[in-house]
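Everything below concerns the one structure shown next.
Computed from a predicted model, the values in this text were never measured in an experiment. In the text below, chain A, chain B and the rest are named by the order of the sequence lines, each starting its count at 1.
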Protein chains: 2
Amino acid sequence: MTDGVAERSRPRDRILETAQDMFHKHGIKGVGVDAITEAAGTNKMTLYRHFESKDELIIECLRATAAKGAAVWDEFEAEHPGDKLAQLHAWVRKVADMLASDSRGCDMANAAVELTETDHPARRVIKELKEAQRDRLVSLCRDAGIGQAELLADTLSLLFEGARVSVQTVGSEGPSAQFVRMAESLIASFRAR
Amino acid sequence: MTDGVAERSRPRDRILETAQDMFHKHGIKGVGVDAITEAAGTNKMTLYRHFESKDELIIECLRATAAKGAAVWDEFEAEHPGDKLAQLHAWVRKVADMLASDSRGCDMANAAVELTETDHPARRVIKELKEAQRDRLVSLCRDAGIGQAELLADTLSLLFEGARVSVQTVGSEGPSAQFVRMAESLIASFRAR
DNA sequence: CTAGGGTGTTACCGGTCTGTAACTTTCAGA
DNA sequence: TCTGAAAGTTACAGACCGGTAACACCCTAG
């Protein structure tokens with residue numbers, strides 16, 4: 001029955017997908033639940049039947065976007081099976097693509113900026129997801145045979161994070177335009193040790 | 001709560017100071033003008049006599065914080081007159097101090113995250129101020145006798161920006177903890193070529 | 001002393017926000 | 001065909017938002 005278009009998927013999925021998109025574009029505090037449900041072709045009551053609050057919806061959105069990010073890493077493994085160094089370079093290229101095609105940065109980082117209450121339930125999730133991302137990059141660096149894998153991974157992480165922020169402040173022609181060169185020479189210098 | 005009210009200055013100055021502090025702590029959309037004026041020991045009408053809108057207040061706050069940042073650079077020059085390399089290292093130490101003592105990142109970057117409308121009046125100001133920051137760091141690198149000063153400055157910028165974001169997502173014990181090490185070895189490698 | 005500008009106070013406007021209640025409609029499966 | 005759960009609809013509550021009007025007050029310059 002539901003073999004057709006994703007457009008006519010179940011309301012919960014539509015809400016989740018639409019919310020991710022709208023939170024990403026307009027920010028969490030910049031979009032209300034009414035706007036989300038309308039864009040998703042449903043209504044507020046249905047949203048609150050599937051999510052107990054907006055905060056809960058935010059958390060589910062963050063988990064969903066993180067899952068999409070994890071899927072990209074799996075693609076790297078599929079494209080370069082066993083070749084961790086090639087996967088690392090694929091990651092660099094992927095990041096460059098994101099910087100060029102999207103000007104709204106990382107959803108998790110943006111959420112951390114917007115949700116300033118230290119005890120906000122989403123903050124814990126953000127930390128967990130970001131730490132998982134870091135662990136995966138560290139593993140990739142280590143499995144690529146790089147000494148000081150943690151330091152390289154952390155440096156690349158900061159460059160990445162900084163680039164995504166820089167795109168939002170000065171655009172993609174700013175410092176982030178040099179990301180590939182920075183990352184590649186960094187990887188080269190770590191490999192040379 | 002602990003919103004210090006500079007009691008004996010003019011209302012406009014108190015509002016500006018208080019707004020900077022509250023925007024920094026709670027975010028721009030997380031603070032209403034009523035809360036600002038109350039914390040500043042005044043009232044909403046007085047705010048609107050000095051600032052034509054909240055957006056205008058936001059812009060003035062961004063300019064003020066940028067001016068404070070510029071003053072720090074002047075301190076470096078005063079502490080290490082003519083020694084541009086020492087000033088660069090002082091900058092690295094200063095950044096590390098900020099990362100350790102403040103968990104709310106850069107006001108300009110945070111504002112860019114929160115104010116998603118592409119035509120928001122503050123966005124132009126943010127871009128100008130960030131470009132001025134970059135220019136100053138480039139000049140410092142160049143005057144320190146470093147070849148490829150632009151590339152070093154941009155790399156340091158991204159590391160800095162990324163570190164300030166990382167502190168917000170995973171805390172000061174995350175990747176940003178290695179900032180000094182990253183920056184110092186970067187500077188060394190650029191000087192060595 | 002007095003005039004007047006800066007400031008404080010109160011009330012209000014129209015809009016938006018999250019979240020809920022009560023009811024009706026739709027539709028798949030038995 | 002009947003049934004029951006999921007989904008849609010309308011209305012509303014209560015709070016907060018940015019911004020304005022009208023008026024009372026205070027304090028200093030003249």
Original post:
Taking the six-membered ring for Trp, are A:W91 and A:W73 parallel (under 30°), tilted (30 to 60°) or perpendicular (over 60°)?
Top reply: tilted
Atom pair distance, as rounded to whole Å: [atom1] in [X] and [atom2] in [N]:
X: B:R14; N: C:dG6; atom1: CZ; atom2: C1'; result: 12 Å
X: A:H26; N: C:dC17; atom1: NE2; atom2: P; result: 12 Å
X: B:K29; N: C:dG15; atom1: NZ; atom2: P; result: 19 Å
X: A:R12; N: D:dA5; atom1: CZ; atom2: C1'; result: 17 Å
X: B:I15; N: C:dG6; atom1: CD1; atom2: C1'; result: 12 Å
X: A:D34; N: D:dA11; atom1: CG; atom2: C1'; result: 13 Å
X: B:E38; N: C:dG8; atom1: CD; atom2: P; result: 13 Å
X: A:R10; N: D:dA5; atom1: CZ; atom2: C1'; result: 13 Å

Subject >> Pairs where residues 28-63 of chain A contributes a residue and the test ring pair (Phe, Tyr, Trp, His ring centres under 6.0 Å) is met, not counting sequence neighbours >> reply: none
Subject >> Pair B:R136 + B:D74, salt bridge at N-O below 4.0 Å >> reply: yes
Original post:
When you measure from every atom of DNA chain D, which of residues 41-54 of chain A have a heavy atom less than 4.0 Å away?
Top reply: A:G41, A:T42, A:N43, A:M45, A:T46, A:R49, A:H50
Original post:
Do you see a donor-acceptor pair shorter than 3.5 Å between the side chains of B:N43 and B:T46?
Top reply: yes
Original post:
At what distance, to the nearest 0.5 angstrom, does CD1 of A:I15 lie from CD of A:E60?
Top reply: 12.0 Å
Original post:
In Å, rounded to the nearest 0.5 Å, how long is the span from CD1 of B:I58 to NE2 of B:H120?
Top reply: 5.0 Å
